[in-house]
Amino acid sequence: MPSRFLKFPDGFVWGAATSAYQIEGAWNEDGKGESIWDRFTHTPGKILDGSTGDVACDHYHLWRKDIALMRELGLKAYRFSISWPRILPAGRGKVNQAGLDFYSRLVDGLLKAGIEPFVTLYHWDLPQSLQDKGGWAERSTAEAFVEYADVVSRKLGDRVKRWITHNEPWATAVMGYQMGGHAPGLNDYPASLKASHHLLLSHGWAVPALRRNSPGAGVGITLILFPLVPGPSKIPVLPVFRKFDGYFNRWFLDPLYGRHYPADVVAEHINAGHIPADGLTFVKPGDLEAIAARTDFLGVNYYSPVMLRNKVPPGSDNEPLLLLYHGPKYEYTDIGSMVYPDGLCHLLSRLHFEYQPGKMYVTENGASYSDGPDGDGRVRDRRRLSYLHNHLAAAHRAIGYGVPLAGYFVWSLMDNFEWSFGYAQRFGITWVDYQTQRRIFKDSALWYKQVMAENSLVAPKKSS
Ligand code: IFM
C-alpha cells in the first residue's frame, strides 16, 4: 500500500526530543552546579572537535522562541530532560529555586502552546559532586536520584503527566564506566556493572515517588535497544547473537520485567572476572522487586541494528561485540549507524511478544546527516526525510501486528551537542547556526509537520 495511506491510530502522540546538556547551554548560570559532562568536556582531548555544551543551542535563554518553533511545527508532545545539577547543585540537599522555576516556566509555556511535556529525569548529566563520591557505581547515588525525582515531581507533578526516569542506562553504564567515551570517562568493567544495577534500582525506587507526586501520571523508562539481524555470517550465529542480546538488551529488559538478571550473562561476567564467583554481590534483598515496579510504558530508542559480518577481519580480536556488518548493500548515516528501518518493526514486535509492556513510545529515532542550507537558504535533507519515512512505515507495520505503540518522537527537534562528537554530527530536523543561534526548519521538519497534521504517513515529494 502506498505509504500516503498509512493512517496512524487516533490519539497517536507525535513529538520531538532533546536533552538538557545537549541544548541548554548556561552551564554555570543561576546557581547551576557542575555536571559530569561539564567536567568531561572541559578536559582537553575528550571531545572530537574540542567543543563543550557551555552554550550549545542556548535554549536556556531561547526557550520561548523554541516553543514557538514547536508550535509552528504542530508538535503534539515535546520530550526534554531536566538537568539534575540545575535543581540540586551539589546532587543532594539544597534546592536551587531558579533551576526549578526555569523548568516550571518551560512546562507552562508548552502547555499554553498545546504541547504535552514528556519529562526525562536523567539524560546523563550527573552532578559532579556525586561523581566525586563514586557516581552510579555507588548505591547512594540511587538514593540521591529518588530525592531529586521527589523534588522535581513535587514542583511539576501537577502539570507533567508523562515521566521517564532514565534515558538509556546502557549508555551511562557502558559508554561512561566501561568504554570511557562518555562522562565520567572510566574503563572499569566491575564499576559499569554496579552502575547499571544502581541506575535500574534508582528507576524502581523513583516510580512510587513520581506516582505519589503526580497523580494519574504515566511513568516509564527509556532504553536504547538493538535488534539482532542475521547477516551473511560464516560464524555460528546463535551463541554470538545470544551474547549480544544478553549484554545490550536482556541485561536491562529482564530485571525491569521481573525476570532477574540473565543467568547466562552473569555466568559470562564471572568467567571473565568482572564479578566474583558468588555473582552479583551488589544486588541486595528487595532490589529486584523494586526494579520490576509496574510501569505504564516502555520508551524505546532505536537507531540501528546489530548484524554480524561474514568474517572476523585479520588482526581483529575476535570479540563478537565488535562484529558489525559493513557491506556495500547497506547505507550508513554520517555518524556510522546502519540504516535498517525493518529493525524497528522487529524490535517493537519482539518487545511486545516477549515482554508485553502495556504501552510503548518510540522516544528517539533519527539520523545524523550534515546537510546545511543551500544558496537559497533551504536545507534539503533528503536522506533524513527518507530515513524518517521508512522508519515510520516500519512502526506502522508493528502497530498492524498488534504492538501497542502510542507515539513517536523524532531525535532531534534541533541540531545539538552530540556528546563525544561535539557539534560535528547533526541529528536535528531544524538546522542550528551555532554562531548566530538562528534556526531553520529542514525539509524533513516541513514534511514531519504534514505527517503530524494528517496523522498519517505522507509520501516524500519528488526532489526539488
Ligand atoms: O544524541 C543522542 C541522545 O542523547 C541519546 N540517544 C542517541 C542520540 C544520538 O546519538
Side-chain angles (χ1 to χ4, degrees), residues 19-21 32-40 81-96 99 119-154 163-210 219 221-224 251-252 255-256 261 274-275 280-293 419:
S19 85
Y21 188 76
K32 177 181 166 293
E34 187 189 16
S35 81
I36 54 172
W37 273 94
D38 296 319
R39 178 70 61 91
F40 195 67
S81 77
I82 306 246
S83 158
W84 182 345
R86 227 182 255 299
I87 306 295
L88 292 146
R92 302 181 94 148
K94 194 169 174 322
V95 173
N96 178 34
V119 171
T120 306
L121 286 168
Y122 188 74
H123 199 126
W124 308 354
D125 42 357
L126 187 75
Q128 180 62 43
S129 52
L130 294 181
Q131 190 61 48
D132 295 342
K133 299 188 178 80
W136 288 107
E138 291 299 319
R139 201 173 168 89
S140 55
T141 300
E143 291 159 7
F145 179 78
V146 183
E147 292 164 17
Y148 158 61
D150 183 54
V151 169
V152 174
S153 56
R154 272 175 200 270
W163 295 95
I164 295 168
T165 52
H166 283 281
N167 181 69
E168 303 180 11
W170 175 86
T172 299
V174 175
M175 308 284 285
Y177 287 76
Q178 186 185 319
M179 291 162 73
H182 279 194
L186 303 179
N187 300 103
D188 182 341
Y189 215 122
S192 92
L193 292 175
K194 286 185 198 153
S196 65
H197 178 63
H198 296 139
L199 285 155
L200 291 178
L201 185 61
S202 73
H203 153 81
W205 280 347
V207 170
L210 294 168
V219 181
I221 185 169
T222 280
L223 302 180
I224 184 157
W251 188 255
F252 298 91
L256 285 169
Y261 288 101
H274 301 145
I275 45 175
L280 304 173
T281 48
F282 46 81
V283 178
K284 305 290 178 209
D287 284 7
L288 290 159
E289 290 74 14
I291 291 173
W419 308 112

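Reckoned from all heavy atoms, side chains included, excluding hydrogens, waters and symmetry mates. Counting from 1, the numbers follow the sequence of the chain as shown. Because the structure is predicted, anything quoted here is derived from the model rather than measured.
Taken from CH2 in W124 to CD in E168, the straight-line distance is 4.5 Å, to the nearest 0.5 Å. Between the OH atom in Y189 and the CD atom in Q178 there is a gap of 4.0 Å [rounded to 0.5 Å]. Atom OG1 of residue T172 and atom CG of residue L199 lie 5.5 Å apart, to the nearest 0.5 angstrom. Rounding to the nearest 0.5 Å places CD1 of I164 at 11.5 Å from CG of L210. Between the OG atom of S202 and the CZ atom of R139 there is a distance of 11.0 Å, given to the nearest 0.5 Å. A distance of 11.0 Å separates CZ in F282 from CG in L201, rounded to the nearest 0.5 Å.
L126 is listed as a side-chain neighbour of W84, based on a closest heavy-atom distance under 4.5 Å. Side-chain contact between S140 and H198 is absent, with no heavy atoms from C-beta onward closer than 4.5 Å. Looking at heavy atoms from C-beta onward, L200 lies out of side-chain contact with D287 at the 4.5 angstrom threshold. A 4.5 Å side-chain heavy-atom check between Y122 and W136 finds at least one atom pair inside the cut-off. The shortest distance between side-chain heavy atoms of T222 and H166 does not fall below 4.5 Å. Counting only heavy atoms from C-beta outward, the side chains of I82 and I87 approach each other to under 4.5 Å. Side-chain contact between P169 and F252 is present, with heavy atoms from C-beta onward closer than 4.5 Å. Looking at heavy atoms from C-beta onward, E143 lies out of side-chain contact with V146 at the 4.5 angstrom threshold.
No donor-acceptor contact under 3.5 angstrom links the side chains of H182 and Y177, judged on distance only. Between W251 and S196, the side chains place a donor N or O and an acceptor N or O closer than 3.5 Å (distance only, hydrogens not considered). Side chains of S81 and H123: no donor on one and acceptor on the other come within 3.5 Å. Side-chain atoms of S129 and D132 include no donor-acceptor pair closer than 3.5 Å.
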Worksheet item: Yes or no on side-chain contact (heavy atoms from CB on, under 4.5 Å) for L223 and L256, after CA distance, side-chain angles and deciding distance?
Response: CA-CA 11 Å; L223 302 180; L256 285 169; 3.9 Å; yes

- Task: Determine, stepwise, if the pair H203 / F145 fulfils side-chain contact (heavy atoms from CB on, under 4.5 Å).
- Result: CA-CA 8 Å; H203 153 81; F145 179 78; 5.7 Å; no

Determine whether Y261 and I291 satisfy the following criterion, side-chain contact (heavy atoms from CB on, under 4.5 Å), listing intermediate values before the conclusion.
CA-CA 11 Å; Y261 288 101; I291 291 173; 3.9 Å; yes

>> Determine whether L280 and H197 satisfy the following criterion, side-chain contact (heavy atoms from CB on, under 4.5 Å), listing intermediate values before the conclusion.
In response: CA-CA 9 Å; L280 304 173; H197 178 63; over 6 Å; no

Next item on the list: Report the C-alpha distance between R39 and E34 in whole Å, list the side-chain angles of each, state the deciding distance to 0.1 Å, and finish with yes or no for salt bridge (charged side-chain N to carboxylate O under 4.0 Å, His left out).
Entry: CA-CA 7 Å; R39 178 70 61 91; E34 187 189 16; 2.8 Å; yes

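Heavy atoms of other residues, nucleotides or ligands lying less than 6.0 angstrom from NZ of K32 number more than 12.
When all heavy atoms are compared, the tightest approach of A142 to W205 is CB-CZ3, 3.7 Å. Looking at every heavy atom in both residues, L88 comes nearest to P127 through O-CG, 4.1 Å. The minimum heavy-atom distance linking S153 with W163 is given by the pair CA-CH2, 3.8 Å. Across all their heavy atoms, D188 and P190 have their closest contact at OD1-CD, 3.2 Å. For the pair G181 and W37, the tightest heavy-atom approach, listed with the atom from each and the gap, is O-CH2, 4.5 Å. S19 approaches W419 most closely through the heavy-atom pair OG-CZ2, 3.8 Å.
D125 meets the side-chain hydrogen bond (donor to acceptor under 3.5 Å, both in side chains) test with no other residue; sequence neighbours excluded.
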